[in-house]
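Have a look at the structure below, then the notes.
Scope of the values below: all heavy atoms of this structure, side chains included, with no hydrogens, waters or symmetry mates.
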Amino acid sequence: MAGKMTGLTLSVAKDGKPVTDLEPYLGAYGHLVALRSGDLAYLHVHPEGNPGDGTTQPGPAISFMATAPTHGAYRLFLDFKHQGTVRTAAFTLHTTNRTNPAPTAQHEDDTSAEHH
């Protein structure tokens with residue numbers, strides 16, 4: 001929901017199986033960038049927890065807390081590292097000013113990156 005801090009959890013899988021051995025990339029198991037449709041407002045979100053903190057697992061889930069400033073469509077890019085390679089997955093997130101329906105994210109294939 002726009003204007004409200006919201007949890008977003010993305011799960012990484014390879015060939016349909018959860019990836020549990022993500023590697024730190026720039027000090028985290030994932031980085032999330034969001035671009036707002038229309039004006040391309042930019043948001044970079046760091047995940048909850050840190051590698052080596054004793055509680056954050058190396059996948060498959062990567063959790064973020066973020067606030068979408070307005071309703072509309074956002075293009076999200078998740079960067080993560082697995083088996084020595086940094087990969088990017090792209091999603092589209094639609095936010096609303098109402099509490100229902102809940103925001104949804106859909107992954108779309110990007111031929112420039114190999115997805116897990």
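Here the rule is side-chain contact (heavy atoms from CB on, under 4.5 Å) with Leu8, and of Leu76, Leu78, Val45 only Leu76 fits it.
In this structure, Leu10 is a member of the same hydrophobic cluster as Leu43, with clusters built from ILVMFWY side-chain heavy atoms closer than 4.5 Å. Taken together through direct or relayed side-chain contacts under 4.5 Å among Ile, Leu, Val, Met, Phe, Trp and Tyr, Leu93 and Ile62 form part of one hydrophobic cluster. A continuous path of hydrophobic side-chain contacts links Leu26 to Val86 [ILVMFWY only; heavy atoms under 4.5 Å].
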- Task: Step by step, work out the side chain to side chain contact (heavy atoms under 4.5 Å, CB included) result for Phe77 and Leu32.
- Result: CA-CA 6 Å; Phe77 300 91; Leu32 187 65; 6.0 Å; no
- Would Asp79 and His31 satisfy side chain to side chain donor-acceptor pair (under 3.5 Å), going step by step from the backbone distance to the final call? CA-CA 5 Å; Asp79 291 334; His31 293 269; over 6 Å; no
- Task: Applying side chain to side chain donor-acceptor pair (under 3.5 Å), run through Thr56 and Asn50 and close with a yes or a no.
- Result: CA-CA 6 Å; Thr56 304; Asn50 295 302; over 6 Å; no
- ring-ring contact (aromatic ring centres under 6.0 Å, His included) between Phe64 and His46: does it pass, once the steps are laid out? CA-CA 7 Å; Phe64 300 87; His46 291 270; 8.8 Å; no
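Taking the side chain as every heavy atom from C-beta outward, Val19 and Lys17 never approach each other to under 4.5 Å. Counting heavy atoms from C-beta on, the side chains of Lys14 and Gln83 come closer than 4.5 Å. Looking at heavy atoms from C-beta onward, Pro58 lies out of side-chain contact with Thr20 at the 4.5 angstrom threshold. In this structure the side chain of Tyr74 reaches within 4.5 angstrom of the side chain of Thr95, judged on heavy atoms. Looking only at side-chain heavy atoms (C-beta outward), Glu23 and Asp21 stay at 4.5 Å or farther from each other.
The two atoms that bring Gly3 and Thr67 nearest to each other are C-CG2, 3.7 Å, heavy atoms only. Closest approach of Pro47 and Ala28 over heavy atoms only: CG-CB, 3.7 Å. Residues Arg36 and Pro69 approach most closely at NH1-CG, 3.4 Å, considering heavy atoms. Between Ala61 and Thr9, the shortest heavy-atom contact is CB-CG2, 3.7 Å. Contact record, Arg75 with Ala90: NH2-CB, 3.4 Å, taken as the closest heavy-atom pair. Across all their heavy atoms, Lys4 and Thr6 have their closest contact at O-OG1, 2.9 Å.
Distance check, rounded to the nearest 0.5 Å: NE2 of His94 to OG1 of Thr92 gives 5.5 Å.
Residues satisfying the side chain to side chain contact (heavy atoms under 4.5 Å, CB included) test with Gln57, not counting sequence neighbours, are none. Under the side chain to side chain contact (heavy atoms under 4.5 Å, CB included) criterion, Pro51 pairs with Pro24, Tyr29, not counting sequence neighbours. Ser37 pairs by the side chain to side chain contact (heavy atoms under 4.5 Å, CB included) definition with Ala73, not counting sequence neighbours.
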